Amino acid sequence: MEYPIWFMHDTLSVKCQAQVMNLLNKLLHQKFANAAMVVIVCVLTVSGCVSQSASDTPSPYLAIEAKELNQLAEQAIETFSGPGMAIGIVHRGEIDHIQGYGLRDFESSARVDEDTLFRLASTSKAFTAAALAILVDEGKITWDDKVIEIIPEFKMQETWVTNEFTIKDLLIHRSGLVSGAGDSMLWPEPSGFSRQEVIQSLRFLTPKYGFRSQYAYSNVFYITAGEIIERISGHTYEDFVEQRIFAPLGMNCFAGDMPLSAMDNIARPHGDVAGDLYAIDRNAIKGRATVSAAAGGLVCNVSGMAEWIKLLLNDGKTAAGEAIFSKKELAQMWRSQTILSMSKREAERNQSNFKTYALGWRKNDMYGEEVISHTGTLSGMQAYLALVPEQELGVIILNNGSNGSLRGAMMQEILSAYLNPKDTTDWIADFYQYQQQAEQRYLAKLSIPQGSNTVILEENAYTGAFADIWYGGVNITEAKSAANDTKQSELSIEFEKMRNLKGKLTPFDQHTFVIHFDDSNAASPAFIEFIVDAEQQVSGFTLRPFSDKIRDNHAYRDMVFNRLSLGGD
């Protein structure tokens with residue numbers, strides 16, 4: 001005999017649905033003779049679920065005691081060389097916890113508090129998606145509108161891709177380009193490229209994969225999305241985000257230029273070598289708009305981000321009931337678009353079964369709950385925002401260090417406390433141990449390229465002015481430097497568009513040098529391979545990472561610098 005199977009999907013939580021279906025399956029497997037009894041029992045179960053969710057909603061609570069959370073935060077800062085961090089936890093519409101820890105600046109005694117400003121890095125992307133959602137709600141665009149219809153100069157290498165590229169495609173990392181393609185126009189900051197130049201340079205980036213075929217992370221298309229917002233709304237990206245999102249929520253956060261008064265409480269970015277901290281001031285909050293704003297340039301504090309979390313967990317409405325964007329478009333922003341790979345460690349740690357990318361958000365399951373999240377990473381500034389909508393839970397972590405294990409371990413501690421209370425794992429120790437093992441594996445595989453440390457031509461033959469069609473000019477000059485009381489020749493390189501890309505050239509072999517950048521944190525060493533014609537004249541050069549492994553998914557892959565003049569001309 002067959003029995004009817006039904007349940008009230010729109011009114012039940014995932015857990016209630018599971019409860020009903022488990023009970024139903026149990027009854028059916030026991031082969032109840034009376035089908036009506038099956039329906040009655042299920043109706044009672046459904047009613048209990050609906051009643052509990054509608055009228056017996058428990059009040060907010062902090063799943064991890066504040067004292068313990070504070071101790072964990074201080075432990076994490078010490079273990080992973082913070083130097084500072086801010087944590088906000090929102091649960092059932094209320095702030096359960098909001099506090100700063102550690103120092104804003106390792107050279108100062110000023111401590112982080114809930115109003116300390118950090119750079120959001122790629123957690124900025126969700127605000128860009130939300131700004132587009134507002135325009136969709138207003139009927140000014142659709143997610144499937146073609147980019148070229150709004151930005152006529154938008155062009156990819158393949159014409160058919162140009163013609164098919166939609167607004168949604170800008171956000172989901174399936175362009176066909178390699179991961180990080182075009183990032184060299186944004187970082188290391190300050191960038192000398194305008195947003196228009198970034199967009200116009202897309203045509204020079206060579207695809208590696210089929211359009212919409214697989215995931216490869218991209219920032220330049222979020223820059224393009226920011227331009228969509230500007231051209232459709234008539235307001236700059238910065239003004240739109242500040243006026244339409246920050247202001248209604250009372251967020252003391254910034255997309256563009258900042259008033260001097262806001263500069264009184266800012267976190268300074270830091271790196272560390274063996275636990276010794278140093279400042280990374282190129283990524284500091286300088287109070288000015290950055291070209292990277294729509295992809296990773298927003299500035300906020302943990303108190304402001306708590307208001308953002310409240311909005312997201314309240315279907316896009318403020319506490320006063322004002323809709324910033326609709327529930328429908330929020331669902332669209334959180335709808336999976338691109339499948340992401342998941343490591344064995346991640347699957348086992350979180351009991352996860354899937355991981356995807358949506359519109360400015362990542363999604364995965366953790367202990368049976370759907371988690372919406374995104375991280376943000378700049379050298380010296382990191383962020384991590386995670387939402388568990390069914391639990392009405394949101395967590396934001398901001399820190400001014402460079403070790404991603406700090407935010408990862410703290411997020412794991414907090415989410416586990418809420419979602420898997422029986423878990424007793426010391427996640428700070430776990431992340432630290434895994435990081436140490438990963439570093440050992442890396443060092444074991446590390447191979448330093450070996451050359452003759454000489455080049456064929458006289459070193460001054462490689463000097464001159466060069467330029468790439470989209471990346472701009474480069475000057476290679478010869479200088480005399482004093483070393484051990486003797487004067488020796490030394491070649492220097494400087495990129496006109498990127499102020500922090502300058503360094504010294506060391507002979508490697510044949511017509512190849514190694515570039516050692518002055519700021520080693522801004523860029524790793526790279527090979528510069530000069531092109532020499534039959535008459536032994538240098539006509540140009542290409543760049544690739546300093547490695548004995550040849551690969552084509554690096555930042556320099558589409559750059560060919562041609563000589564403009566000889567050195568000294």
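Along the sequence shown, residues are numbered consecutively beginning with 1. All figures in this text were calculated on a predicted structure; none of them were measured in a lab.
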- Quick one: pull up NE2 in His235 and CD in Gln243 and give me the separation to the nearest 0.5 Å. 6.0 Å
- Message: Check for me whether Arg345 meets the cation-pi criterion with Phe431, that is, NZ or CZ under 6.0 Å from the six-membered ring centre and within 45 degrees of the ring axis.
- Response: yes
- Message: With no hydrogens and no angle check, just 3.5 Å: does a side-chain donor-acceptor pair link Asn521 and Tyr278?
- Response: yes
- What distance separates Asp257 CG from Lys286 NZ, expressed to the nearest 0.5 Å? 13.5 Å
- Message: Distance alone, cut at 3.5 Å: any donor-acceptor contact between the side chains of Asp519 and Asn500?
- Response: no
- Side-chain contact test, heavy atoms from C-beta onward, threshold under 4.5 Å: evaluate it for Val299 versus Leu120 and give yes or no. no
- Task: Answer with yes or no after comparing the ring centroid distance for Phe211 and Phe165 against a 6.0 Å cut-off, counting only values under it.
- Result: yes
- Message: Given 3.5 Å as the limit, does a donor-acceptor pair link the side chain of Asn400 with the main chain of Gly84, or not?
- Response: yes
- Query: Would you say the side-chain atoms of Ser402 pair up with the backbone N or O of Gly380, donor to acceptor, closer than 3.5 Å?
  - Reply: yes
- Task: Starting from the C-alpha separation in whole Å, work towards a yes-or-no answer on side chain to side chain donor-acceptor pair (under 3.5 Å) for Trp143 and Glu329.
- Result: CA-CA 10 Å; Trp143 295 110; Glu329 294 311 322; 2.7 Å; yes
- Message: Check this for me, if you would: do Glu322 and Arg244 make a salt bridge, where the nitrogen-to-carboxylate-oxygen distance has to be below 4.0 angstrom?
- Response: no
- Message: Quick one about Ser352 and Tyr367 (side-chain donor to acceptor, distance below 3.5 Å, no hydrogens or angles considered), yes or no?
- Response: no
- Task: Look only at the side chain of Ser191 and the backbone of Phe193, and say whether a donor-acceptor pair between them is shorter than 3.5 Å.
- Result: yes
- Between Lys363 and Glu369, is there a side-chain N and carboxylate O pair less than 4.0 Å apart? no
- Task: In sequence, state the C-alpha distance, the side-chain angles, and the governing distance for Arg335 and Thr356, and then conclude on side chain to side chain donor-acceptor pair (under 3.5 Å).
- Result: CA-CA 9 Å; Arg335 183 169 296 151; Thr356 61; over 6 Å; no
- Query: Does Tyr384 have its ring centroid less than 6.0 Å away from the ring centroid of His374?
  - Reply: no
- When you look at Lys125 and Ser122, which way does the side chain to side chain donor-acceptor pair (under 3.5 Å) test go after all the steps? CA-CA 5 Å; Lys125 288 180 169 65; Ser122 284; 2.9 Å; yes
- Matching residue for Asn265 among Thr116, Asp115, Asn301 - test: side-chain hydrogen bond (donor to acceptor under 3.5 Å, both in side chains): Thr116
- Close aromatic pair by centroid cut-off 6.0 Å: Trp308 and Phe246: no
- Basic-acidic side-chain contact under 4.0 Å: Lys310, Glu94: no
- Should we count NZ of Lys317 as having more than 12 external heavy atoms under 6.0 Å? no
- Message: Centre-to-centre under 6.0 Å for His173 and Tyr357, is that the case here?
- Response: yes
- Where the side chain of Tyr222 meets the backbone of Leu170, is there a donor-acceptor pair that is under 3.5 Å apart? no
- Query: With a 4.0 Å cut-off, would you call Lys67 and Glu65 a salt bridge?
  - Reply: no
- Task: List for me each residue that meets side-chain contact (heavy atoms from CB on, under 4.5 Å) alongside Arg499, sequence neighbours excluded, and say none if there are none.
- Result: Pro190
